[in-house]
Amino acid sequence: QAIRPHAGAWQGRRVLVTAGPTFEDVDPVRFIGNRSSGKMGFAVAQAAAEQGAEVVLVAGPVVLATPPGVRRVDVRSAAQMREAVMANLDGVDTFIAAAAVADYRPMQASAQKIKKGEGPLQLALERTDDILAQVAAHPRRPARVIGFAAETERLDEYATRKLRDKNLDAVAANDVSAAGLGFESEDNALALFTPDGRSDIGPASKAEVARILLQRIHALGTTAA
Ligand code: CTP
Ligand code: CA
């Protein structure tokens, strides 16, 4: 009997995932970044591929192995991540934005290393584009658009606001102030917000959390009220 390595619930579906931080250059030796290991997004990409999806993973600067069967596109800045996402949007069924994208970048990266002076240094920052919001508003919007939300307070309020304001199908929210979870941790716990309400996932390994998250995303819009 033939072995079918990719039989699963996501067979034949295209899934686009963003993961990791973005780095916004200040000068040739410095950048503005954020605390994201990329592990949660990579776990989501791996779980989707294991379930038979055709997965493209747009990854910021992380030190992680590419999950088997996943096509990986490496980027550094928010602008590059946006470019890579838009270039791979065609035919995507589900977009999952797990990346911690910089909200601001230096208005102008200095061509030379900035030398230190006596007083404080002022850096002018400008907003980056919201990749998730742009995908959700795109003429070729995927059927399912899922965001993440890292919050240190008022999790329900902020996550449901992101769900509504960005026109998403679900928001997977992380309480990043919880001890031992999120960021560099191997474990995670998520609160999944959909128009139907909140359901919790974990705490469990990021691999297990990713599998449950994908099950819930797969079931979106198919459950009877
Ligand atoms: N996101 C994105 N592009 C950005 C900023 C955020 O695609 N420029 C996505 C993230 O990948 C995540 C979601 O938007 O899926 C929410 O990110 P988060 O930082 O929690 O929310 P923001 O909308 O940026 O709001 P704030 O940082 O003010 O809480
Ligand atoms: Ca943000």
Side-chain angles (χ1 to χ4, degrees), residues 15-25 31-45 48 55-62 64 73-89 92 94-107 125-138 140-142 144-178 181-183 188-194 198 201 206 209-210 213-214 216-217 220:
V15 175
L16 180 59
V17 180
T18 65
T22 67
F23 289 174
E24 311 301 327
D25 287 339
F31 61 85
I32 296 173
N34 58 68
R35 290 179 61 181
S36 170
S37 66
K39 283 178 186 167
M40 193 61 233
F42 273 57
V44 168
V55 183
V56 176
L57 172 60
V58 178
V62 296
L64 292 172
V73 180
D74 283 317
V75 299
R76 178 174 169 84
S77 66
Q80 289 169 355
M81 184 170 279
R82 185 193 162 283
E83 280 295 304
V85 164
M86 294 307 166
N88 286 281
L89 200 58
V92 169
T94 301
F95 177 67
I96 303 173
V101 187
D103 294 323
Y104 293 91
R105 69 172 154 244
M107 288 187 72
L125 306 178
E126 64 187 3
R127 285 279 302 271
T128 57
D129 290 332
D130 190 317
I131 302 166
L132 177 61
Q134 288 190 356
V135 168
H138 201 278
R140 281 173 283 132
R141 184 191 194 279
R144 299 177 187 80
V145 178
I146 317 299
F148 272 70
E151 308 291 355
T152 57
E153 58 170 358
R154 293 152 78 182
L155 188 78
D156 288 63
E157 179 191 337
Y158 288 145
T160 49
R161 187 183 298 171
K162 283 170 190 174
L163 180 72
R164 180 169 25 94
D165 289 353
K166 299 193 193 189
N167 184 31
L168 307 177
D169 299 287
V171 170
N174 246 333
D175 178 356
V176 290
S177 65
L181 293 172
F183 290 131
N188 200 7
L190 295 175
L192 188 68
F193 295 88
T194 71
R198 168 177 174 158
I201 304 175
K206 285 181 175 173
V209 167
L213 175 64
L214 278 167
R216 303 252 171 104
I217 293 171
L220 277 181

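Along the sequence shown, residues are numbered consecutively beginning with 1. Quantities reported herein were computed from a predicted structural model and do not represent experimental measurements. First listed ligand is number 1; within each ligand, the first listed atom is number 1.
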Please state which protein non-hydrogen atom is closest to atom 20 (O) of ligand 1 and give its distance, to 0.1 Å?
Lys162 NZ, 2.8 Å
Asp130 contact mode with ligand 1 (heavy-atom cut-off under 4.0 Å)
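Within the 4.0 Å criterion, Asp130 contacts ligand 1 through backbone and side-chain atoms alike.
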At under 4.0 Å between heavy atoms, what of Ala97 touches ligand 1? The answer is both
Is it the case that more than 12 heavy atoms not belonging to Arg127 sit under 6.0 Å from its CZ atom?
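No.
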Is it true that, when you exclude Gln134 itself, more than 12 heavy atoms of the residues, nucleotides or ligands shown sit nearer than 6.0 Å to its CD?
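Atom CD in Gln134 is crowded, with more than 12 foreign heavy atoms closer than 6.0 Å.
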Can you tell whether the side chains of [X] and [Y] come within less than 4.0 Å, N to carboxylate O?
X: Asp25; Y: Arg76; value: yes
X: Glu151; Y: Arg161; value: no
X: Asp169; Y: Arg144; value: no

Looking at Asp103, pick out the N, O or S atom nearest to the Ca ion (ligand 2) and give its name.
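In Asp103, the N, O or S atom with the shortest distance to the Ca ion (ligand 2) is OD2.
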Which of the numbered atoms in ligand 1 are below 4.0 angstrom from a heavy atom of [X]?
X: Lys166; answer: 13 (C), 14 (O), 16 (C), 22 (P), 23 (O)
X: Ala150; answer: 20 (O)
X: Asp129; answer: 3 (N), 4 (C), 8 (N)
X: Ala99; answer: 10 (C), 11 (O)
X: Thr128; answer: 8 (N)
X: Gly147; answer: 15 (O)

Can you check whether Ile146 has an N/O within less than 3.5 Å of an N/O in ligand 1?
no
